[in-house]
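To start, the structure itself, in structure tokens.
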Number of protein chains: 2
Amino acid sequence: MDRIVGYKLRRAQLSVFQDFLRTFAGMNLRPAEFSVLALIAAHPGRKQTEIAEQLGIKRANFVALMDDLERRGLAERRKGATDRRSHSLHLTEEGIRFVDMMAAVWREHEERMIARLGGEEERDRLIELLDRLTGTPDESTD
Amino acid sequence: MDRIVGYKLRRAQLSVFQDFLRTFAGMNLRPAEFSVLALIAAHPGRKQTEIAEQLGIKRANFVALMDDLERRGLAERRKGATDRRSHSLHLTEEGIRFVDMMAAVWREHEERMIARLGGEEERDRLIELLDRLTGTPDESTD
DNA sequence: TATTGTTATACTCTATAACTATA
DNA sequence: TATAGTTATAGAGTATAACAATA
């Protein structure tokens with residue numbers, strides 16, 4: 001199994017996620033929740049289904065995730081003004097503070113991953129290769 | 001989410017696994033089953049728990065997986081001669097033929113991934129970086 | 001006592017169909 | 001009719017505890 005891309009990819013992803021989970025164990029934050037909060041922070045007011053799709057989460061599965069973030073007082077849904085079917089997503093005041101802390105904690109984790117790779121240049125090389133695998137169409141803003 | 005290693009890794013892994021699943025849909029073979037058959041083929045006679053551990057599968061979860069490979073007539077358990085608690089794992093005659101086919105089909109998939117990456121050199125660069133993330137101690141033989 | 005394989009079980013993630021309220 | 005969000009549900013994948021057979 002020494003040169004099999006998919007296998008190596010899976011093992012590396014599990015290893016990185018395990019470090020992520022250890023890092024955020026105290027904040028009770030999973031990767032999916034992290035990515036949702038980061039995306040709402042970057043694009044407040046975006047529609048619920050847009051956020052879900054951008055993260056590759058089915059809108060049906062996004063509901064419980066968002067319920068939990070609301071229950072914890074970190075994010076909120078607001079009825080769309082023009083289209084009353086839709087919900088626009090926002091961080092609460094507490095959510096904004098939480099995301100600041102989260103970003104600081106995340107940096108520890110990410111620095112550790114960059115160190116494992118051997119530096120930021122190696123990180124950039126890795127991400128470029130991963131983008132080729134994913135077939136990223138263009139550079140997005142997120 | 002443009003430079004986050006864990007996120008990019010997850011997306012790339014999903015993309016590669018989806019191609020894998022499409023490629024093997026006709027053979028009804030999942031990545032875990034593929035890896036088990038490949039590992040038994042490379043190391044026939046190895047103990048059940050050893051195979052499971054090497055693939056990062058809990059021995060409790062390995063049972064159903066192995067049951068299915070046996071039911072399909074591809075692999076078999078044999079009682080250990082010295083330690084009668086253990087099972088040594090082997091391919092059947094049909095399993096050996098199946099693995100040959102499987103390897104050929106896999107090559108199609110892998111060539112597609114290498115093409116996405118831009119060639120075998122890029123593939124090698126990727127795997128080297130992934131090994132750094134995983135913290136692979138030495139080169140293994142699998 | 002400890003280990004191998006097993007069973008039972010629970011929790012997360014993911015996928016689909018069907019409902020509701022709006023458009 | 002179609003869409004946004006929701007509910008219910010089912011299937012994988014994964015984790016732990018406890019058991020029987022054997023060491």
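To find a chain, count down the sequence lines: A is the first, B the second, and so on, and within it residues start at 1.
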Sequence-distant partners of B:Phe24, ring-ring contact (aromatic ring centres under 6.0 Å, His included), two or more places apart
B:Phe20, B:Phe34
Whole-Å distance, A:Asn28 CG to C:dT12 P, equals 10 Å
C:dC13 P sits how many Å from A:Ile57 CD1, rounded?
10 Å
Determine, using the 4.5 Å side-chain heavy-atom cutoff (strictly less than), whether B:Ile40 and B:Met27 are members of one ILVMFWY cluster.
yes
Can you measure B:Lys58 atom NZ to C:dC11 atom C1' for me and round it to whole angstrom units?
14 Å
Result of checking B:Glu110, B:Glu120, B:Arg123 against A:Arg3 for side chain to side chain contact (heavy atoms under 4.5 Å, CB included):
B:Arg123
Salt bridge (charged side-chain N to carboxylate O under 4.0 Å, His left out): pairs with one or both residues in residues 65-74 of chain A, sequence neighbours excluded:
A:Glu33-A:Arg72, A:Asp67-A:Arg77, A:Asp68-A:Arg71, A:Asp68-A:Arg72, A:Glu70-A:Arg77
Of all of residues 81-90 of chain B, which get a heavy atom below 4.0 angstrom from DNA chain D, listed by number?
B:Thr82, B:Asp83, B:Arg84, B:Arg85
Test item: B:Thr92 side-chain N/O and B:Leu74 main-chain N/O as donor-acceptor pair under 3.5 Å
yes
Flag side-chain contact, heavy atom, 4.5 Å: B:Leu89 against B:Val36
no
Span of DNA chain D in contact with chain A (heavy atoms, under 4.0 Å):
D:dA2 to D:dT14
Hydrophobic clustering (ILVMFWY, side-chain heavy atoms < 4.5 Å, transitive) - are A:Met113 and A:Leu130 grouped together?
yes
Report the distance from atom NE2 of B:His43 to atom CG of B:Leu39, rounding to the nearest 0.5 Å.
5.5 Å
B:Arg125 meets the side-chain hydrogen bond (donor to acceptor under 3.5 Å, both in side chains) criterion, sequence neighbours left out, with B:Glu122
Start with the C-alpha distance between A:Gln13 and A:Arg10, add both sets of side-chain angles, then the distance that settles side chain to side chain contact (heavy atoms under 4.5 Å, CB included), and finish with yes or no.
CA-CA 5 Å; A:Gln13 194 242 309; A:Arg10 172 171 164 266; 5.7 Å; no
DNA chain D-proximal residues of residues 59-78 of chain B, any heavy atom under 4.0 Å:
B:Ala60, B:Asn61
